[in-house]
Amino acid sequence: QVQLVESGGGLVQAGDSLRVSCAASARTISSYGMGWFLQAPGKEREFVAAISWNGASTKYKDSVKGRFTISRDNAKNTVYLQMDSLKPEDTAVYYCACAAGLRYSDYVPTRKDDYPYWGQGTQVTVSS
């Protein structure tokens, strides 16, 4: 079992930056790919960014490329999502997820089905 807790969300203005964190407990995540997803009101949860177990590979949703950066600190069992140049359309609940079925894999999953463990989410609101 992997327990994930997101933090760092909040209310910011358009153009601001925000870093959300995902801390894992009960089990190390250092050997697994990790991802961030968002869910806006009334919409499906969708992929934002993912990172391989060693940080060597990353993938991003097209609309956040160049603005968002995913990173991880395996010593701290934590994954981060740095969000710069935020836009009102980035407003959503952000969830981190652990691809626990892909151990030491270079594959960076983008599908929700590849992630069996999820955090509770953190709200990010960007005002115009």
Distance, nearest 0.5 Å, that separates CZ of Arg19 from OG of Ser17: 12.0 Å
Please identify each residue that fulfils side chain to side chain donor-acceptor pair (under 3.5 Å) with Glu89, with sequence neighbours left out. none
Rounded distance (nearest 0.5 Å) linking atom CG of Asn77 with atom OG of Ser25: 8.0 Å
For Pro116 versus Asp114, what's the shortest heavy-atom pair and its separation? CD-O, 3.4 Å
Working to the nearest 0.5 angstrom, can you tell me the gap between Asp84 CG and Asp16 CG? 10.0 Å
Non-hydrogen side-chain atoms of Leu38 and Lys61 separated by less than 4.5 Å: yes
Can you confirm whether Cys96 sits close enough to Leu4 that some side-chain heavy atom of one is under 4.5 Å from a side-chain heavy atom of the other? yes
Could you see if Leu81 belongs to whatever hydrophobic cluster contains Val2? Use Ile, Leu, Val, Met, Phe, Trp, Tyr and a side-chain cutoff under 4.5 Å. yes
For Leu102, what are the other residues in its hydrophobic cluster, where any two members join if their side-chain heavy atoms are less than 4.5 angstrom apart? Tyr107
Mind listing the closest non-hydrogen atom pair of Ala100 and Tyr32 along with its distance? O-CE2, 3.1 Å
Candidate pair Val126 and Gln13, rule side-chain contact (heavy atoms from CB on, under 4.5 Å), full reasoning: CA-CA 5 Å; Val126 185; Gln13 293 187 330; over 6 Å; no
Interatomic spacing from OG1 in Thr122 to OH in Tyr94 - rounded to 0.5 Å: 10.5 Å
Could you tell me the separation between the CG atom of Leu86 and the CE atom of Met83, rounded to the nearest 0.5 Å? 5.5 Å
Taking Thr125's backbone N and O only, do any of them form a donor-acceptor pair with Thr91's side chain (distance below 3.5 Å, no angle check)? no
Locate the shortest heavy-atom distance separating Ala14 from Pro88; write the atom from each residue and the value. CB-CD, 4.1 Å
Could you give all pairs that pass the disulfide bond (SG atoms under 2.5 Å apart) test and reach residues 29-58, with sequence neighbours left out? none
Checking Arg67 now: which residues fulfil salt bridge (Lys or Arg N to Asp or Glu O under 4.0 Å) with it, not counting sequence neighbours? Asp90
Whether Arg72 side chain and Ser52 backbone form a donor-acceptor pair below 3.5 Å: yes
Hydrophobic cluster membership, Val79 vs Val108, 4.5 Å side-chain cutoff: no
Assess whether a salt bridge exists between Glu46 and Lys112, defined as any Lys/Arg side-chain N lying under 4.0 Å from an Asp/Glu carboxylate O. no
When you compare the side chain of Gln1 with that of Arg27, does any pair of heavy atoms fall below 4.5 Å? no
So do the side chains of Gln82 and Phe68 get within less than 4.5 Å of each other, counting heavy atoms only? no
Any donor and acceptor pair, going by atom type alone, linking the side chain of Glu6 with main-chain N or O of Gly121 inside 3.5 Å? yes
Can a side-chain donor-acceptor contact be found between Thr78 and Asp73 if the only test is distance below 3.5 angstrom? no
Please answer: with hydrophobic residues joined when any side-chain heavy atoms are less than 4.5 Å apart, are Trp36 and Val12 in the same cluster? yes
Using salt bridge (Lys or Arg N to Asp or Glu O under 4.0 Å) as the criterion, list what pairs up with Lys76, not counting sequence neighbours. none
Distance (rounded to the nearest 0.5 Å) between Met34 CE and Ile51 CD1: 10.0 Å
Looking at every non-hydrogen atom in both residues, tell me the closest pair between Gly10 and Leu18 and how far apart they are. N-CD2, 3.9 Å
Specify whether Tyr104 and Trp53 have parallel, tilted or perpendicular ring planes, treating 30° as the upper limit for parallel and 60° as the lower limit for perpendicular. perpendicular
Taking the cut-offs as 6.0 angstrom to the six-membered ring centre and 45 degrees off its axis, would you call Arg45 and Tyr95 a cation-pi pair? yes
Would you indicate whether the side-chain heavy atoms of Tyr60 and Val48 approach each other to under 4.5 Å? no
Is there a side-chain contact between Tyr80 and Val20 (heavy atoms, below 4.5 Å)? no
Disulfide bond (SG atoms under 2.5 Å apart) contacts touching residues 98-128 (sequence neighbours left out): none
Would you please indicate if the ring centroids of Phe37 and Trp118 are separated by under 6.0 Å? yes
